[in-house]
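What follows is a set of notes on a single structure, which appears directly below.
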Amino acid sequence: MAKGITERAKDYSQWYIDVVKQADMAEHSPVKGCMVIKPTGYGIWEKIQQNLDRMFKETGHVNAYFPLLIPESFLKKEAEHVEGFAPECAVVTHGGGKKLEEPLVVRPTSETIIWDSYRNWISSYRDLPLLINQWANVLRWEMRTRLFLRTTEFLWQEGHTAHATHEEAEEEAYRMVQVYRRFAEEFLAMPVLVGRKTDKEKFAGALHTYCIEALMQDGKALQAGTSHHLGTNFAKAFDVQFQDRDSERKYVHATSWGVSTRLIGGMIMTHSDDSGLVIPPRLAPVPVVIVPIWRDDDQMALTLAKARHITEGWDKLFYKIDDRDQYKPGYKFNEWELKGIPIRIELGPRDVENNQVVAVRRDTGEKVTLSADGLRENLEKMLDDIQANLFQRAKDRTEASTHTVDSYDEYKERIKGGGFFRVFLNHADPKVEERLQGDTKSTIRCIPFDAPDEEGPCMITGAPCKGRVVAAQSY
RNA sequence: CGGGGUGUAGCGCAGUCCGGUUAGCGCACCUGCUUUGGGAGCAGGGGGCCGUCAGUUCGAAUCUGACCACCCCGACCA
């Protein structure tokens, strides 16, 4: 048992706070709801950025940057959008010691400022599609915050694309939610449901919203990414038209899509354990740490020299040699466990003598003795295996926690235990979702793309429904 | 915004009820020696406008009043 970490079974919420703190990922800032992301946490965000950015570029997107401050009037141009975001906006009213002519909103999202620019950038079908992403911070005045999961300011990427037709925008929104699914599975090792949000849960100003939803270890769902088909709503609000091949002037079709530092919270709650953080190898800034073990200066020189010899020619970002003299090996073992490093190598005088090392996997705690020859290849294999194991473990857990229920009474009872619930609910009627939330604090998380072709009665109203939705309590 | 709690060293706390030496303890930090295969030991040392402001008093961390901040639990959200 790790010192300073509450057991998951005892208090999941406190466990999460303890892991973030003990792994030295982030801390609260003096401003309510804001966080300082420390190097250990930010390094993971950088890995997320690097890999996602590559995936965006591979699908034809380019990066740009739009300003933090948005004229308040812009936000008001799209009716649903302003209604959705106004309550959580911070507004700048003064600058340079003077009251501003027009207040400036700190962006809660950038559709409005971006579409104001797009008006000037788009005049012909030849300008389309316009496929732009930005990495940025945004601000949303939340009532209740949790490190990484919901903070007042957070880091994210937001893609904003413009297309000539409804169909192309639809393809884009779908393509990007699939990019998110692939990223979640392959990098976060996090299984997700992929589907569409109900009208109640969709983005303010969108025709519809696609999403990936993951199930955390405590049985609560986490919205991990969203992709919106915005139709011509923003084009109309900002008068963005283009002249098509047929010489007609037409409104531009839009999408937007984003994932945030919340993914780090999801990563923690998917894989970590009572010993601390567990980082999937593909997101680990440094996947391997080598702890040389010595009793005296001679042994120190010996084991350090061996460690340097073994790692000769290795990518410097692949490993770290922990040569600190002020801590004992036991302390280091615990520290690297808390910090979630995928593989720890122990290298003592006995190992040097036998030309071997002891490798310890973070996911299983398993210790194996490996030859110092060909070590790099064996470590690569082990990392792949850890990555695959973490995903499989999470997938098995999610499947075991996914239930199919038809009776509302049964649902009300079982929802308390957490999990995804495949149910018939008539979400066309907004009152149904309101009742669900009022009765059970759960919501419809998504209408999965891969739901089997089934029909049945809504478990609340009895109205006939096509296809099951997935409901759960969520973060 | 409602309910609960907390502000004393970087962190975690005691002291406050019942005012009175130089405000104390653990962890962390610095120095030295011994240690080092699962969170080391001993010795010495540094570090405080006791949340803020005002009051009572010869004297306030302690009593009174006001204010501020943060955390936890409920109504909104990625």
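None of the values given here were measured: they were computed from a predicted structure. The sequence lines fix the lettering, A, B, ..., with proteins before strands; numbering per chain opens at 1.
In this structure A:K332 satisfies the salt bridge (Lys or Arg N to Asp or Glu O under 4.0 Å) test together with A:D322, sequence neighbours excluded. The salt bridge (Lys or Arg N to Asp or Glu O under 4.0 Å) search around A:E337 returns A:R344, not counting sequence neighbours. Residues passing the salt bridge (Lys or Arg N to Asp or Glu O under 4.0 Å) test with A:D385 are A:R361, sequence neighbours excluded. For A:R376, the salt bridge (Lys or Arg N to Asp or Glu O under 4.0 Å) test picks out A:E380, with sequence neighbours left out.
No hydrogens or angles were tested; on distance alone, a donor-acceptor pair under 3.5 Å links the side chain of A:K367 to the base of B:G38. A donor-acceptor contact under 3.5 angstrom links the side-chain atoms of A:E337 to the base of B:G38.
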Secondary-structure notation, RNA chain B, from Watson-Crick and G-U pairs under 3.5 angstrom (| other strand): ((((((((.[[[[.)....(...]]]].((((((.....)))))).....[[[[[..)....]]]]])))))))....
Mind listing the side-chain donor-acceptor pairs of residues 211-220 of chain A below 3.5 Å, one per line with the distance, residues two or more places apart or on another chain?
from: A:E213; atom 1: OE1; to: A:R445; atom 2: NE; distance (Å): 3.1
from: A:E213; atom 1: OE2; to: A:K197; atom 2: NZ; distance (Å): 2.7
from: A:E213; atom 1: OE2; to: A:R445; atom 2: NH2; distance (Å): 3.4
from: A:Q217; atom 1: OE1; to: A:R8; atom 2: NH1; distance (Å): 2.6
from: A:Q217; atom 1: NE2; to: A:M269; atom 2: O; distance (Å): 3.2
from: A:Q217; atom 1: NE2; to: A:T270; atom 2: O; distance (Å): 3.4
from: A:Q217; atom 1: NE2; to: A:S272; atom 2: O; distance (Å): 2.9
from: A:D218; atom 1: OD1; to: A:K220; atom 2: N; distance (Å): 3.2
from: A:D218; atom 1: OD2; to: A:Y475; atom 2: OH; distance (Å): 2.5

In residues 130-140 of chain A, what donor-acceptor pairs under 3.5 Å come from side-chain atoms, sequence neighbours left out?
from: A:N133; atom 1: OD1; to: A:Q157; atom 2: NE2; distance (Å): 2.8
from: A:N133; atom 1: ND2; to: A:N63; atom 2: OD1; distance (Å): 2.9
from: A:Q134; atom 1: OE1; to: A:F66; atom 2: N; distance (Å): 2.8
from: A:Q134; atom 1: NE2; to: A:S110; atom 2: OG; distance (Å): 3.2
from: A:Q134; atom 1: NE2; to: A:E158; atom 2: OE2; distance (Å): 2.9
from: A:W135; atom 1: NE1; to: A:D53; atom 2: OD1; distance (Å): 2.8
from: A:N137; atom 1: OD1; to: A:R107; atom 2: NH2; distance (Å): 2.6
from: A:N137; atom 1: ND2; to: A:E153; atom 2: OE2; distance (Å): 2.8
from: A:R140; atom 1: NE; to: A:P108; atom 2: O; distance (Å): 2.7
from: A:R140; atom 1: NH2; to: A:P108; atom 2: O; distance (Å): 2.8

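At B:G74, one or more side-chain N or O atoms of A:R144 fall inside 4.0 Å of OP1 or OP2 (strictly under the cut-off). In this model, the phosphate group of B:U35 is not approached by any side-chain N or O of A:K328 to a distance below 4.0 Å at OP1 or OP2.
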Which protein N or O atoms sit under 3.5 Å from an N or O of nucleotides 68-70 of chain B?
from: B:C70; atom 1: OP1; to: A:K32; atom 2: N; distance (Å): 3.3

Shorter than 3.5 Å, N or O on both sides, protein versus nucleotides 2-4 of chain B: list them out with atom names.
none

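The side chain to side chain donor-acceptor pair (under 3.5 Å) pairs that include a residue from residues 414-423 of chain A are A:H403-A:R414, A:T404-A:R422, A:E410-A:R414, A:E413-A:K416, A:R422-A:E454, where partners are two or more places apart or lie in different chains. Sorted by first and then second residue, the side chain to side chain donor-acceptor pair (under 3.5 Å) pairs involving residues 292-306 of chain A (not counting sequence neighbours) are A:W294-A:D325, A:K306-A:N355.
Spacing between B:U62 and B:G51 at atom P, rounded to whole Å, works out to 8 Å. Between B:G15 and B:G24, the two P atoms lie 16 Å apart (nearest whole Å). Using P as the reference atom, B:G26 and B:C73 are 32 Å apart when rounded to the nearest Å.
Of the residues in residues 134-142 of chain A, those lying under 4.0 Å from RNA chain B by heavy-atom distance are A:R140, A:E142.
At whole-Å resolution of the value, OH in A:Y327 and P in B:G38 are 18 Å apart. Rounded to whole Å, the distance from NZ on A:K332 to P on B:G37 is 10 Å.
Crowding of A:H94 atom NE2: a count of heavy atoms from other residues, nucleotides or ligands under 6.0 Å exceeding 12.
Ring geometry for A:Y327 versus A:Y331: interplanar angle under 30°, hence parallel rather than tilted (30 to 60°).
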Applying ring-ring contact (aromatic ring centres under 6.0 Å, His included) to A:Y411 and A:F421, what does each step give before you reach the verdict? CA-CA 8 Å; A:Y411 178 82; A:F421 286 81; 5.3 Å; yes
